[in-house]
Amino acid sequence: LKNYFFIQLFRHLYWKIVYFTPVNIGFEYIKYRWNAKGRHGIHSPFVFDLLDKCLKIQFSKEDREELNDLFTALKTDSRSIEIEDFGAGSKKLSNFRAIPKIFKTSSSKGKYGKLLYQLARFHQFKHVLEFGTSLGVGTCYLQLGSPKAKITTVEACKNTREIALESFKMLELENIESIRSTFDEFL
């Protein structure tokens, strides 16, 4: 009986020593991450709702068509504008930029625009404050996602703000207040 106890203890300790090597721990973590795709392991109610409800929201057909029309208009706009950069500035881009180039490099589109839309649609915001309007694409996503929201957007550059106002007018968005100001002055 005494020998049996020591054999069982040895087996148990041997298994722990072999099993908990750094390689095995790494392998187990990778295996966990690979298999933990479901939402049921999430304990935070906020994150659960975000994954389970918010991120599954799809664009309505009308909203998708309106955004596509706006994107086409911005991509094909032949104008160039002078940028007044009040932030860190760009070391690669000049102060005169074509509208399609601005749209390509600094607009909230794609997965980021979709996320703005989904968050706005899920939470149905009443008030939104946006800093850095640029061409107004992110603002359009927010307004289309939450049509009753009062959006205040702040842009310091006069020329990009004018393009944003044209974007809002094109989509007939009315609950948007666009303020021309630097962030420091506004706050």
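The figures that follow rest on heavy atoms only: side chains count, while hydrogens, waters and symmetry mates do not. We're numbering straight along the sequence, starting at 1.
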### Query
Are Phe183 and Ile179 joined in one hydrophobic group, where the rule is that I, L, V, M, F, W and Y side chains link up if heavy atoms are under 4.5 Å apart?
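In one cluster with Phe183: Ile179, yes.
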### Shared hydrophobic cluster, Val154 / Leu173 (ILVMFWY, side-chain heavy atoms < 4.5 Å)
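They do not share one cluster, since no chain of ILVMFWY contacts under 4.5 Å joins Val154 to Leu173.
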### Task
Could I get the full list of ring pair (Phe, Tyr, Trp, His ring centres under 6.0 Å) partners for Phe103, not counting sequence neighbours?
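With sequence neighbours excluded, Phe103 shows a ring pair (Phe, Tyr, Trp, His ring centres under 6.0 Å) to Phe71, given in chain and number order.
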#### Entry: For Phe168, all residues meeting ring pair (Phe, Tyr, Trp, His ring centres under 6.0 Å), sequence neighbours excluded
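Applying ring pair (Phe, Tyr, Trp, His ring centres under 6.0 Å) to Phe168 gives none.
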So, for [X] and [Y], which heavy atoms are closest and what is the spacing to 0.1 Å?
{"X": "Leu144", "Y": "Glu66", "answer": "CD2-OE1, 3.9 Å"}
{"X": "Ser146", "Y": "Ala120", "answer": "CB-O, 3.5 Å"}
{"X": "Ala98", "Y": "Ser80", "answer": "CA-OG, 3.6 Å"}
{"X": "Lys109", "Y": "Lys104", "answer": "NZ-O, 3.0 Å"}
{"X": "Phe125", "Y": "Ala149", "answer": "O-CB, 3.1 Å"}

### Query
Could you state the interatomic distance from CD1 (Ile102) to CD1 (Ile83), rounded to the nearest 0.5 Å?
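Those atoms lie 3.5 Å apart.
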### Task
Nearest 0.5 Å please: distance from the OG atom of Ser167 over to the CG atom of Leu67.
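These two atoms lie 10.5 Å from each other.
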### More than 12 heavy atoms from other groups under 6.0 Å of OH on Tyr112
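Incorrect, the count does not exceed 12.
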### Carboxylate-amine/guanidinium proximity below 4.0 Å for Arg79 and Glu162
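Between Glu162 and Arg79 there is no salt bridge, as every charged N stays at least 4.0 Å from the carboxylate O atoms.
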